[in-house]
J.: 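What follows is a single structure, and I will ask about it in a moment.
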Amino acid sequence: NSGQGRRTQAALGMPLGYGLSASLNMSRRSGGFRTLAQTGQGAGEELDQQGERQWGAGVNYSSRDWGAFSGFWSTYAGQGSTQHSRMGATWSQTYSRANLSLSVQRESSSSAMGGRGDSVYLTVSLPLGSKRRLSTFARHDEHRGSRTGVRYAEQLSDTMDYSMGMERTQNGQTDFNARLSALPRYTSVDLGYSRNSVGLSRYDAGLRGGLVLHEGGVTLSPYPVRET
């Protein structure tokens with residue numbers, strides 16, 4: 001409670017037996033509520049004066065013979081009369097060593113931008129030994145059309161892995177991307193490269209880790225540092 005508004009959240013999970021479970025969640029924010037990060041904003045801003053409401057439900061099922069299934073539904077209402085809703089389902093199963101996954105989703109919105117509409121995503125993943133994996137996928141949505149692609153990933157050591165992928169759109173354009181992740185002694189390193197069909201290239205790099213200052217000096221870690 002911020003003094004001017006209130007936020008309420010609730011979640012419920014229910015095991016139903018035979019590999020089946022269900023969940024419900026709700027979130028409601030009244031007009032005027034602010035988080036600590038928003039306390040410096042102006043009191044008259046429109047976003048703070050609008051309430052928000054979110055509801056969601058999900059169901060999960062898993063069995064050795066039929067694979068794993070999950071379904072969800074969610075809706076959001078806020079900022080005047082804007083409403084968003086999403087619903088979808090995902091099924092996955094392993095045949096021999098290959099993993100097959102199928103996902104369908106529908107998204108709608110009352111805003112001027114509209115939702116993404118219907119989308120379908122199919123993935124087939126095959127391990128090539130204990131440290132290599134080849135994946136192919138096909139996806140379709142109403143905004144970007146149909147796309148197909150392939151990705152190869154390999155773990156070079158306990159502290160280094162890389163992946164390469166290509167994606168082709170329905171009009172024949174092809175994009176390429178690659179990523180290298182390493183875990184040296186003092187930091188976590190991510191390097192990426194991508195090139196699209198018109199020849200534009202993009203590079204990115206990231207370093208993550210932790211640093212602790214103490215009486216004995218400085219200690220570096222490739223992982224986030226929490227309690228010291």
J.: Please report the interatomic distance CZ(Arg97) to OG(Ser125), rounded to the nearest 0.5 Å.
T.: 10.5 Å
J.: Is it the case that atom CZ in Arg106 sees more than 12 heavy atoms from other parts of the structure closer than 6.0 Å?
T.: no
J.: For Ser21 and Met14, indicate whether the former's side chain and the latter's backbone hold a donor-acceptor pair under 3.5 Å.
T.: no
J.: Is the shortest heavy-atom distance from the side chain of Asn196 to the side chain of Gln173 under 4.5 Å?
T.: no
J.: Rounded to the nearest 0.5 Å, what's the gap from CZ on Arg151 to OG on Ser135? Could you check?
T.: 8.5 Å
J.: Quick one: hydrophobic cluster around Leu211, which other residues, with the 4.5 Å side-chain cut-off, linked directly or via members?
T.: Tyr186, Leu213, Val218, Leu220
J.: Could you state the interatomic distance from CZ (Arg168) to OG (Ser197), rounded to the nearest 0.5 Å?
T.: 10.0 Å
J.: What distance do Arg53 atom CZ and Thr75 atom OG1 have between them, rounded to the nearest 0.5 Å?
T.: 9.0 Å
J.: Check which hydrophobic residues are tied to Met87 through side-chain heavy-atom contacts below 4.5 Å, counting indirect links as well, and list them.
T.: Met26, Trp55, Trp73
J.: Which residues pass the side chain to side chain contact (heavy atoms under 4.5 Å, CB included) test with Arg139, sequence neighbours left out?
T.: Tyr121, Phe137, Arg147
J.: With clusters built from Ile, Leu, Val, Met, Phe, Trp and Tyr whose side-chain heavy atoms come within less than 4.5 Å, directly or transitively, what are the remaining members of the cluster of Val198, listed by chain and number?
T.: Leu200
J.: Side chains of Thr169 and Asn171: do they bring a donor and an acceptor to under 3.5 Å?
T.: yes
J.: Clusters formed by hydrophobic residues whose side-chain heavy atoms approach within less than 4.5 Å: which one holds Leu134, and what are its other members?
T.: Leu126, Leu128, Val150, Tyr152, Leu156, Met160, Tyr162, Met164, Met166, Phe176, Leu180, Val189, Leu191, Tyr193, Tyr203, Leu207
J.: Crowded around Asp158 CG? As in, over 12 foreign heavy atoms under 6.0 Å?
T.: no
J.: Quickly, which of Pro222, Ser188, Pro224 forms a side chain to side chain contact (heavy atoms under 4.5 Å, CB included) with Arg208? Name it, please.
T.: Ser188
J.: Considering the options Arg29, Arg28, Arg6, which one meets the salt bridge (charged side-chain N to carboxylate O under 4.0 Å, His left out) requirement together with Glu52?
T.: Arg29
J.: Working note: Leu122 + Leu100, criterion side chain to side chain contact (heavy atoms under 4.5 Å, CB included); need CA distance, chi angles, decisive distance, verdict.
T.: CA-CA 8 Å; Leu122 175 65; Leu100 176 65; 3.5 Å; yes
J.: With side chain to side chain donor-acceptor pair (under 3.5 Å) as the rule and sequence neighbours excluded, what pairs involving residues 85-95 come up?
T.: Ser85-Ser108, Arg86-Gln105, Thr90-Ser103, Thr94-Asn99
J.: To the nearest 0.5 angstrom, please state how far the CD atom of Glu142 sits from the NE2 atom of His140.
T.: 6.5 Å
J.: Can you see which heavy atom on Arg195 is nearest to which on Ser201, and at what distance?
T.: NH1-OG, 3.1 Å
J.: What's the spacing between Lys131 NZ and Ser157 OG if we round to 0.5 Å?
T.: 7.5 Å
J.: Would you mind telling me which of Asn60, Leu102, Leu20, Val59 makes a side chain to side chain contact (heavy atoms under 4.5 Å, CB included) with Phe69?
T.: Val59
J.: Is it true that Leu16 and Leu12 fall in one hydrophobic cluster, defined by side-chain heavy atoms closer than 4.5 Å?
T.: yes
J.: Determine whether a donor-acceptor pair (N or O, by modelled atom type, separation under 3.5 Å) exists between the side chain of Gln54 and the backbone of Ser27.
T.: no
